[in-house]
Amino acid sequence: MIFFPLNPQYTFRSVPHSDTFSAPADPDKNTEQVKDISGTWQLTTVSRNSNDITETMDFSQFQIDLKKDGKYTIENYLPFVVRHNGTWKVDDIYYPFRLYFTEDGTTEQASTDILFPITNGERNIVITHSPGCGSNTYTYVFKKISEN
């Protein structure tokens, strides 16, 4: 153990007991903002087993529209978490890390982990899933193309 002598030019002072922390009177100033992931999301990048396969076909036609009312629609289907339109929700509106889908006409709920990063000033959704075959893992990166 190494000990350093105290420099006499530095002094320590105690903080008076009355200087304790207190939260602002307005509790909304400390509240995290709701992360609104609704909107139309277009697929921009696709990786399979960590290999970028974006250029192998036109993935940009695949879109998912997460509507504010909790419904979703899929355009130009690709292997995805769900195949048909239905309803969606997130695990936490402040810190969304999981997206849940329920296809129309069923009560089964499918879910996937998500990331919600900002890249080059744009919000993205990153979904990694394994449709059917466990030896293939796909990572889809979506960018928001419109609000709804």
### Message
Can you confirm if the NZ or CZ of K35 lies within 45° of the ring axis of F116 and under 6.0 Å from the centre of its six-membered ring?
### Response
no

### Message
Could you go through L78 and Y140, starting from their C-alpha distance and side-chain angles, then the distance that decides it, and tell me whether this counts as side chain to side chain contact (heavy atoms under 4.5 Å, CB included)?
### Response
CA-CA 11 Å; L78 289 171; Y140 291 164; 4.2 Å; yes

### Task
Please list, chain by chain and in numerical order, all residues satisfying side chain to side chain donor-acceptor pair (under 3.5 Å) with D92, sequence neighbours excluded.
none

### Message
So I64 and F80, do their side chains get closer than 4.5 Å, heavy atoms only?
### Response
yes

### Task
Take atom CZ of R98 as the centre, draw a 6.0 Å sphere, and report whether it contains more than 12 heavy atoms from other residues, nucleotides or ligands.
yes

### Task
Would you please say whether a donor-acceptor pair under 3.5 Å links the side chains of T139 and S47?
no

### Task
Measure the acute angle between the ring planes of Y72 and F101, then classify it against the limits of 30° and 60° as parallel, tilted or perpendicular.
perpendicular

### Task
Establish, yes or no, whether a centroid distance under 6.0 Å links the rings of H84 and Y77.
no

### Message
Does atom NZ (K89) have a neighbourhood of more than 12 heavy atoms from anything else shown, all under 6.0 Å?
### Response
no

### Message
Using 0.5 Å steps for rounding, measure from the OG1 atom of T137 to the CG atom of N49.
### Response
5.5 Å

### Task
Please report the closest heavy-atom contact between W88 and K67, naming both atoms and the distance.
NE1-O, 3.0 Å

### Query
Is there a donor-acceptor contact under 3.5 Å linking the side chains of N85 and T73?
no

